[in-house]
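First up is the structure itself, then whatever we jot down about it.
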Amino acid sequence: MADDFDVIVVGAGPVGSLLTADLALQGVRVGLLEALSAPTGKSKAGTLHARTAQVLERRGLLDLVALNQSGGGAVPFHFAGMFDLDLSRVVDEGPAIVGSPQAYAEQIFAEQAVALGAEVFRGEEVLSLTDHGDRVSVQTAEGRFTARYVVGCDGPRSPVRKSAEIAFTGTEATVAAMLGEVRLLDPYNAPQGWQRNSRGWTMVSASLYGPSRIFTYDFRGPHENRDEPLTLEEFSETVDYLAGRHVPMTDGGWLARFGDAALQAEQYRKGNVFLAGDAAHVHFPAGGQGVNLGLQDALNLGWKLAAAVHGWAPPGLLDSYHSERHPIGARVLYNVRAQVALMQPDPRVDWLRELFRELMGLDQVNEFLSRMISGMDVAYDVGCPDAPLAGQLAPDLRLKTDDGITSVSRLQHAGKAFLLDLAGRADLGAVAAGRPEQLTVVTATAESSIGTDALLVRPDGYVAWSARGRDDDPITLDRAITRWFGPAG
């Protein structure tokens, strides 16, 4: 079997499925390969943070994947198991937290991808790939596929990354962590919530009527055999050891091992091969940051690949995926390593934790950490120093146009870039009009001032340029458009 695509995405988890949907939205012929014959239905993660919610809203996907959202008031969250952060302090648009089980979001994104014309191939385990320069061939157990570009969203052990010979470096695991869904025989007397003692951690979400979810963090050392199946007996013994007493359980429906290895691909792009999600970065699941990081990878990469497929990507656009996203991934690994250090069960760390909790009581520290965990500190260097909002996510302004009331997020549902003209500046519209395929011009009035007359908004929602109210605005706009969308045709 041989199938030819513009882009092949390997791995049908939430990151791969979202990327596939975004590529299909932008008219790319895309194939999604998945080794599993059917979804597992299991969710390791279930939290979407504010920045992820905001970028999904710009694709019209947030309401589809959100099972619940934070409302008004404080939104407590933890750093290293200390629930002293208030994420609501740093979020001025949309919810601070969204409940969306990983398996559910994955299903929604995959359905969107198929509805938009993507082809999904399950039971296709990737064995190897070869980058021929103009095409990439992918060999699976069942056949062969080719595409102009391949993106590995295939997890920490990524066959795509290994075949492309991309180094995956960082720090190896020191913690033997486990996850189990079991039936507790005495749920009332099981350790509740997050419990830390001199042996390690248990995190128990007890249920009286169904499976209870339990995490264990054992700091005695990493798993001797990370790939060995976890048995209910071993899991139960570990829970007993960490809890310091017997916690009776049965019916181990889902049991898994993991650790605190913090590894990152040295290149997110090598030739025509790209990496996203856990294939590009893996770390301890502190604060649910991993899936959020990966989903934002997908929406940064999708429009850039679409531009290359459609023939208008300027030089350097595909390379900007690495230059923009690699530092963001490194920063997450940095804060997760710090959290693991603070979670050490050694009683000597108690004093450090107490000091850290006092520091989190300071507004500046609380907001700094909250922005880091929620992704609200994500911004890119777009080459427009001192321009208002440049490199930041464009605010979701409510807009009045000749066609009626709309908003910035609604304008982005089609995955296209646009110049937002808030002052009727014909000089700017004339510059942007030379690229009708790449972007549109939207003339509108906004309900609030944002400190600029105009914004150039990329398909991922980030501001590539803004007006300074100077005579050279048309010149700097032309430079920005050329940088991100190519020269006028």
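Heavy-atom basis, side chains included; hydrogens, waters and symmetry copies ignored.
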Reported [atom1]-to-[atom2] distance for the pair [X] and [Y], which is rounded to 0.5 angstrom:
X      : Y      : atom1 : atom2 : answer
Met82  : Phe77  : CE    : CZ    : 13.0 Å
Arg144 : Thr146 : CZ    : OG1   : 6.0 Å
Arg269 : Leu275 : CZ    : CG    : 12.0 Å
Leu56  : Leu299 : CG    : CG    : 6.5 Å
Asp278 : Arg161 : CG    : CZ    : 9.5 Å
Leu263 : Leu333 : CG    : CG    : 7.5 Å

Margin query: Once salt bridge (charged side-chain N to carboxylate O under 4.0 Å, His left out) is applied, what residue pairs with a partner in residues 291-301 remain, sequence neighbours excluded?
Written below: Asp297-Arg325
Note to self: Can you pull out every salt bridge (charged side-chain N to carboxylate O under 4.0 Å, His left out) where at least one residue sits in residues 368-396? Sequence neighbours excluded, please.
What the structure shows: Arg331-Asp377
Next item on the list: Could you please spell out the steps behind the side-chain contact (heavy atoms from CB on, under 4.5 Å) verdict for Asp260 and Tyr217?
Entry: CA-CA 10 Å; Asp260 65 323; Tyr217 300 163; over 6 Å; no
So does [Y] get a backbone contact from the side chain of [X], meaning a donor-acceptor N/O pair under 3.5 Å?
X      : Y      : answer
Ser320 : Ser323 : no
His49  : Gly287 : yes
Ser17  : Phe109 : no
His78  : Ala286 : no

For the residue pair [X] and [Y], what are the closest heavy atoms and their distance?
X      : Y      : answer
Arg213 : Leu179 : CG-CD1, 3.7 Å
Lys270 : Asp131 : O-OD2, 3.9 Å
Ala53  : Val98  : CB-CG2, 4.0 Å
Ala243 : Pro191 : CB-CG, 4.2 Å
Gly415 : Pro459 : O-CB, 3.4 Å
Ala313 : Leu317 : CB-CD2, 3.9 Å

Next item on the list: Please name all residues satisfying side chain to side chain donor-acceptor pair (under 3.5 Å) with Asp227, sequence neighbours left out, ordered by chain then number.
Entry: Arg157
Checklist line | side-chain contact (heavy atoms from CB on, under 4.5 Å) between Arg196 and Asp350, intermediate numbers included | finding: CA-CA 10 Å; Arg196 173 180 175 267; Asp350 294 354; 2.8 Å; yes
Item checked: Residue among Val126, Val138, Thr130, Leu129 satisfying side-chain contact (heavy atoms from CB on, under 4.5 Å) with Ser163 -> Leu129
Does a side-chain heavy-atom distance below 4.5 Å link [X] with [Y]?
X      : Y      : answer
Val30  : Ile8   : no
Val55  : Asp460 : no
Val120 : Arg122 : yes
Glu119 : Arg29  : yes
Phe274 : Val9   : no
Leu352 : Gln344 : no
Leu230 : His223 : no
Phe485 : Leu456 : yes

Next item on the list: Go through the side-chain N and O atoms of Gln26 and Asp22 and say whether any donor and acceptor fall under 3.5 Å apart.
Entry: yes
Next item on the list: Could you pull out all residues at least two apart from Glu324 that satisfy side chain to side chain contact (heavy atoms under 4.5 Å, CB included)?
Entry: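 Glu324 satisfies side chain to side chain contact (heavy atoms under 4.5 Å, CB included) with Asn300, Lys304, Tyr380, Arg458, Trp484 once adjacent residues are dropped.
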Under 3.5 Å, which donor-acceptor pairs do the side chains of residues 147-156 form with other protein atoms, sequence neighbours left out?
from, atom 1, to, atom 2, distance (Å)
Arg148, NH1, Val309, O, 3.2
Arg148, NH2, Ala308, O, 3.2
Asp154, OD1, Ser158, OG, 2.6
Asp154, OD2, Ser158, OG, 3.2
Asp154, OD2, Val160, N, 3.1

Next item on the list: State plainly whether the residues Arg257 and Asp218 are in salt-bridge range, i.e. N to O under 4.0 Å.
Entry: no
Item checked: Lys/Arg N to Asp/Glu carboxylate O, Arg226 vs Glu172, below 4.0 Å -> no
Item checked: CA sep, side-chain torsions, deciding dist, call: Thr216, Phe235, side-chain contact (heavy atoms from CB on, under 4.5 Å) -> CA-CA 9 Å; Thr216 64; Phe235 183 70; 4.2 Å; yes
Checklist line | Check against side-chain contact (heavy atoms from CB on, under 4.5 Å), Glu234 and Leu255 | finding: CA-CA 10 Å; Glu234 182 183 355; Leu255 301 169; over 6 Å; no
Kindly assign one of parallel, tilted or perpendicular to the pair [X] and [Y], based on the angle between their ring planes and the thresholds 30° and 60°.
X      : Y      : answer
Phe258 : Phe284 : tilted
His322 : Tyr268 : perpendicular
Trp194 : Trp201 : perpendicular

Next item on the list: Start with the C-alpha distance between Lys44 and Glu106, add both sets of side-chain angles, then the distance that settles salt bridge (charged side-chain N to carboxylate O under 4.0 Å, His left out), and finish with yes or no.
Entry: CA-CA 12 Å; Lys44 294 180 181 178; Glu106 173 186 314; over 6 Å; no
Contacts table for residues 358-367: side-chain donor-acceptor under 3.5 angstrom, sequence neighbours left out:
from, atom 1, to, atom 2, distance (Å)
Asp363, OD1, Arg89, NH1, 2.9
Asn366, OD1, Asp86, N, 3.1
Asn366, OD1, Ser370, OG, 3.4
Asn366, ND2, Asp84, O, 2.8
Asn366, ND2, Met360, O, 2.8

Notebook entry, point to check: Around Tyr334, counting heavy atoms of other residues, nucleotides and ligands shown, do more than 12 lie under 6.0 Å from its OH?
Noted result: no
